[in-house]
Amino acid sequence: MAILNILEFPDPRLRKTAAAVEAVDDAIRQVVDDMLETMYAADGVGLAAVQVNVRKRIIVMDVSDEKNTPLCLINPKIAEKDGCRESEEGCLSVPGFVDTVKRAARIRVRALDRAGEPLDLSVDGLMAVCIQHEIDHLDGKLFVDYLSPLKRQRIRKKLEKAHRFHNSAASEARSAV
């Protein structure tokens, strides 16, 4: 298994739409395992393949307090939505920022699991929010897209500044060697 690099907003690769997985094989299972390891290492509750620059319709999550209940959804599709809830969301691709987002309170999702077997889940709470958030990633959408243009622009500028600082510091460290 391997820890993968997580793309950060405003990286344009996060806006790419993911393609359906044609067959759940060992290569796909390896991507799933690497995504889970990456998500756990980053202390996240969910991760979409697009976030690690894999353009496949794969999401992983674990909303348990113990971090011992991983879930993999391949080619997930929301079949039903019900109700509305607002909750605080953050994102591994938008580090350091959280804001309130409105989403469906309950959903029914159909997908394939890690073995390629069909799943049909009806969920609510954090799991419903997480699945909707991660499916958005597969469609090139980020939680910041639910925010006002002003908030989104402020977040973008702060992250761009942080990336410039990080890249500058790394460049100085290399030249000092």
Side-chain angles (χ1 to χ4, degrees), residues 1-63 67 70-79 81 87-99 101-104 107 109-116 118-119 121 123 126-147 149 151-153 155-156 158-160 162-163 166-167:
M1 295 203 307
I3 295 177
L4 307 171
N5 182 47
I6 298 172
L7 302 177
E8 292 185 3
F9 178 71
D11 192 310
R13 294 173 289 181
L14 289 167
R15 299 302 188 171
K16 304 289 184 187
T17 302
V21 171
E22 298 299 325
V24 179
D25 56 17
D26 287 343
I28 293 297
R29 283 186 279 279
Q30 183 63 56
V31 169
V32 168
D33 294 345
D34 291 346
M35 287 175 61
L36 283 166
E37 184 173 359
T38 302
M39 179 190 72
Y40 287 128
D43 199 28
V45 295
L47 186 68
V50 171
Q51 292 177 270
V52 292
N53 202 28
V54 174
R55 289 193 181 68
K56 296 288 184 187
R57 296 192 73 81
I58 304 169
I59 62 176
V60 297
M61 66 187 61
D62 188 340
V63 298
K67 299 295 181 208
L71 177 65
C72 164
L73 300 176
I74 297 170
N75 297 334
K77 290 184 181 172
I78 295 176
K81 292 182 179 186
S87 59
E88 290 278 309
E89 288 188 31
C91 181
L92 294 175
S93 291
V94 189
F97 294 92
V98 296
D99 214 315
V101 176
K102 286 184 184 180
R103 298 203 184 264
I107 63 168
V109 63
R110 292 185 178 124
L112 300 175
D113 66 12
R114 186 181 178 281
L119 286 174
L121 304 171
V123 297
L126 179 57
M127 184 169 285
V129 169
C130 188
I131 290 171
Q132 291 171 85
H133 177 109
E134 300 308 334
I135 288 176
D136 274 354
H137 276 298
L138 301 179
D139 296 329
K141 188 171 186 176
L142 300 167
F143 93 95
V144 296
D145 297 336
Y146 291 91
L147 308 180
K151 279 186 179 181
R152 191 169 43 253
Q153 189 60 24
I155 292 170
R156 178 188 196 107
K158 286 181 182 180
L159 287 174
E160 286 174 339
H163 292 148
H166 174 75
N167 291 339

Worksheet item: What do the steps show when you test Asn53 against Asp11 for side-chain contact (heavy atoms from CB on, under 4.5 Å), and what is the final call?
Response: CA-CA 10 Å; Asn53 202 28; Asp11 192 310; over 6 Å; no
Drop me the distance from [X]'s [atom1] to [Y]'s [atom2], to the nearest 0.5 angstrom.
{"X": "Glu37", "Y": "Leu4", "atom1": "CD", "atom2": "CG", "result": "8.0 Å"}
{"X": "Arg110", "Y": "Leu119", "atom1": "CZ", "atom2": "CG", "result": "12.0 Å"}
{"X": "Thr38", "Y": "Leu47", "atom1": "OG1", "atom2": "CG", "result": "6.5 Å"}
{"X": "Leu7", "Y": "Leu92", "atom1": "CG", "atom2": "CG", "result": "11.5 Å"}
{"X": "Glu22", "Y": "Ile28", "atom1": "CD", "atom2": "CD1", "result": "9.5 Å"}
{"X": "Lys56", "Y": "Leu138", "atom1": "NZ", "atom2": "CG", "result": "12.0 Å"}

What pair of heavy atoms forms the shortest contact from [X] to [Y], and how long is it?
{"X": "Asp62", "Y": "Pro70", "result": "OD2-N, 3.5 Å"}
{"X": "Ser93", "Y": "Gln51", "result": "OG-NE2, 3.0 Å"}
{"X": "Val60", "Y": "Met39", "result": "O-SD, 3.9 Å"}
{"X": "Leu147", "Y": "Arg152", "result": "O-NH1, 3.0 Å"}
{"X": "Thr17", "Y": "Asp139", "result": "OG1-O, 4.0 Å"}
{"X": "Pro76", "Y": "Arg57", "result": "CD-O, 3.7 Å"}

Item to complete: List in chain and number order the residues that pass side chain to side chain contact (heavy atoms under 4.5 Å, CB included) with Ala27, two or more places apart in sequence or in another chain; answer none if no residue qualifies.
Response: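 Checked Ala27 against side chain to side chain contact (heavy atoms under 4.5 Å, CB included); matches are Asp25.
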Please examine the side chains of [Y] and [X], heavy atoms only from C-beta on, and report whether any two atoms are closer than 4.5 Å.
{"X": "Met127", "Y": "Leu71", "result": "yes"}
{"X": "Lys77", "Y": "Val109", "result": "no"}
{"X": "Phe97", "Y": "Leu159", "result": "yes"}
{"X": "Val52", "Y": "Ile6", "result": "yes"}
{"X": "Arg55", "Y": "Arg13", "result": "yes"}
{"X": "Val21", "Y": "Leu112", "result": "no"}
{"X": "Arg103", "Y": "Ser87", "result": "no"}
{"X": "Met61", "Y": "Val45", "result": "no"}

Salt bridge present between [X] and [Y] (N-O < 4.0 angstrom):
{"X": "Arg29", "Y": "Asp113", "result": "no"}
{"X": "Asp145", "Y": "Arg15", "result": "yes"}
{"X": "Arg114", "Y": "Asp33", "result": "yes"}

Discussion item. Apply side chain to side chain donor-acceptor pair (under 3.5 Å) to residues Asp34 and Gln30 and explain how you reach the verdict.
Written reply: CA-CA 6 Å; Asp34 291 346; Gln30 183 63 56; 2.9 Å; yes
Worksheet item: Quick one: do the Asp136 and Gln132 side chains pair a donor with an acceptor below 3.5 Å?
Response: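 Result is no, nothing qualifies.
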Fill in: Over-ring placement of Lys151 relative to Tyr146, 6.0 Å and 45° cut-offs
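No; the conditions do not both hold, so Lys151 does not lie above the ring face of Tyr146.
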